[in-house]
Trainee: 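Take a look at the following structure, please.
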Amino acid sequence: QVQLVESGGGLVQPGGSLRLSCAASRSIFGSRFMGWYRQAPGKQRESVASITSGDSANYVDSVKGRFTMSRDNAKNTVYLQMNNLKPEDTAVYYCMIQWLQPIWGQGTQVTVSS
């Protein structure tokens with residue numbers, strides 16, 4: 001069974017940076033869809049960034065200019081570089097990759113607080 005393992009979360013001060021990684025147990029080349037999502041306490045899970053083909057990513061308006069999603073096919077890993085973090089970015093972040101069926105990671109906590 002394909003597994004996704006996320007890492008890179010933690011506690012950071014406002015204005016700081018984190019890079020999340022999502023390592024897949026199979027090749028991500030040829031995947032149909034890759035995305036990063038987040039869920040804050042008491043809120044619904046929302047899409048943060050996604051790649052549907054090639055390397056072009058789409059972002060939710062609230063993170064445009066601050067977050068960058070990328071992929072490394074050789075490492076079977078998807079990244080989310082998060083800069084200029086704000087308290088409202090605090091959430092559990094999940095990656096999802098779809099080959100035939102969507103596969104979700106276990107989530108990694110990101111806390112932005114002074």
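Since this is a predicted model, take the numbers as computed values, not measurements.
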Trainee: Within a reach of under 6.0 Å around CD of Q3, are more than 12 heavy atoms found that belong to other residues, nucleotides or ligands?
Mentor: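 Result for CD/Q3: open.
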Trainee: Would you say W104 and I51 are hydrophobically clustered, going by side-chain heavy atoms of ILVMFWY under 4.5 Å?
Mentor: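 No, separate clusters.
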Trainee: To the nearest 0.5 angstrom, please state how far the OG1 atom of T52 sits from the CE atom of M34.
Mentor: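 Those atoms lie 9.0 Å apart.
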Trainee: Test of understanding: clusters of I, L, V, M, F, W, Y form through side-chain heavy atoms closer than 4.5 Å, transitively. Do V12 and V63 belong to the same one?
Mentor: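 Yes, it is one cluster - the side chains of V12 and V63 are joined through contacts under 4.5 Å.
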Trainee: Is it the case that more than 12 heavy atoms not belonging to Q101 sit under 6.0 Å from its CD atom?
Mentor: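 Check fails, neighbour count at 12 or below.
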Trainee: Answer yes if I103 and V48 sit in the same cluster of Ile, Leu, Val, Met, Phe, Trp and Tyr residues linked by side chain heavy atoms under 4.5 Å apart, and no otherwise.
Mentor: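 They do share one cluster, since a chain of ILVMFWY contacts under 4.5 Å joins I103 to V48.
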Trainee: Go through the steps to decide whether L11 and S113 satisfy the test side-chain contact (heavy atoms from CB on, under 4.5 Å), and finish with yes or no.
Mentor: CA-CA 7 Å; L11 173 64; S113 175; 4.2 Å; yes
Trainee: Grab the two heavy atoms, one from A40 and one from A91, that are nearest each other, plus how far apart they are.
Mentor: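 Heavy atoms only, the tightest pair is N-CB, 3.8 Å.
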Trainee: Minimum heavy-atom separation for R71 to G30, with atom names?
Mentor: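 That closest heavy-atom pairing would be NH2-N, 4.5 Å.
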Trainee: Please check: side-chain N/O of Q106 versus main-chain N/O of E6, any donor-acceptor pairing under 3.5 Å?
Mentor: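 Looks like yes, one N/O pair under 3.5 Å.
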Trainee: Does anything in residues 32-114 form a disulfide (SG to SG under 2.5 Å)? List the pairs, not counting sequence neighbours.
Mentor: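 Qualifying pairs, neighbours excluded: C22-C95.
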Trainee: OG1 of T77 to CD1 of I28: how many Å apart, nearest 0.5 Å?
Mentor: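 Answer for the OG1-CD1 pair, T77 versus I28, is 6.5 Å.
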Trainee: Can you give me the closest heavy-atom contact between I97 and A24, atom names plus distance?
Mentor: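 For I97 and A24, the tightest heavy-atom pair comes out as CD1-CB, 4.4 Å.
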Trainee: What distance do T90 atom OG1 and R38 atom CZ have between them, rounded to the nearest 0.5 Å?
Mentor: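 Spacing of OG1 (T90) from CZ (R38) equals 9.0 Å.
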Trainee: Does R26 use its side chain to pair, donor to acceptor, with the backbone of V2 at less than 3.5 Å?
Mentor: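 Checked: no pair found.
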Trainee: Once rounded to the nearest 0.5 Å, what's the spacing between atom OG of S50 and atom CD of Q98?
Mentor: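 Between atom OG of S50 and atom CD of Q98 there are 12.0 Å.
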Trainee: Would L100 and R32 count as a side-chain contact (heavy atoms from CB on, under 4.5 Å) if you check the C-alpha gap in whole Å, the side-chain angles of each, and the deciding distance to 0.1 Å?
Mentor: CA-CA 8 Å; L100 293 178; R32 296 181 179 183; 3.6 Å; yes
Trainee: Hey, could you give me the OH/CD distance between Y37 and E46, rounded to the nearest 0.5 Å?
Mentor: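 Rounded to the nearest 0.5 Å, the OH-CD separation comes out at 11.0 Å.
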Trainee: Count I, L, V, M, F, W, Y as connected when their side-chain heavy atoms are under 4.5 Å apart, and connections chain through other members. Are V110 and L4 then in the same cluster?
Mentor: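 Same cluster.
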Trainee: Any link between V112 and V60 through a network of hydrophobic side chains (Ile, Leu, Val, Met, Phe, Trp, Tyr) touching at under 4.5 Å?
Mentor: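 As far as the 4.5 Å side-chain criterion goes, V60 and V112 are connected within one cluster.
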Trainee: CZ/R19 to CG/L80 distance, rounded to the nearest 0.5 angstrom?
Mentor: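 The CZ atom of R19 sits 10.5 Å away from the CG atom of L80.
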Trainee: Sort out for me which residue in N83, N84, D89 forms a side-chain hydrogen bond (donor to acceptor under 3.5 Å, both in side chains) with R66.
Mentor: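 Option passing the side-chain hydrogen bond (donor to acceptor under 3.5 Å, both in side chains) with R66: D89.
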Trainee: Check whether Y59 reaches the backbone of M69 with its side chain - one donor and one acceptor, N or O, closer than 3.5 Å.
Mentor: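 Indeed, once roles are kept as given, a pair shorter than 3.5 Å links the two residues.
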Trainee: Please list all pairs passing the ring-ring contact (aromatic ring centres under 6.0 Å, His included) test where one or both residues lie in residues 73-103, with sequence neighbours left out.
Mentor: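 Counting only pairs at least two positions apart or across chains, no ring-ring contact (aromatic ring centres under 6.0 Å, His included) contact touches residues 73-103.
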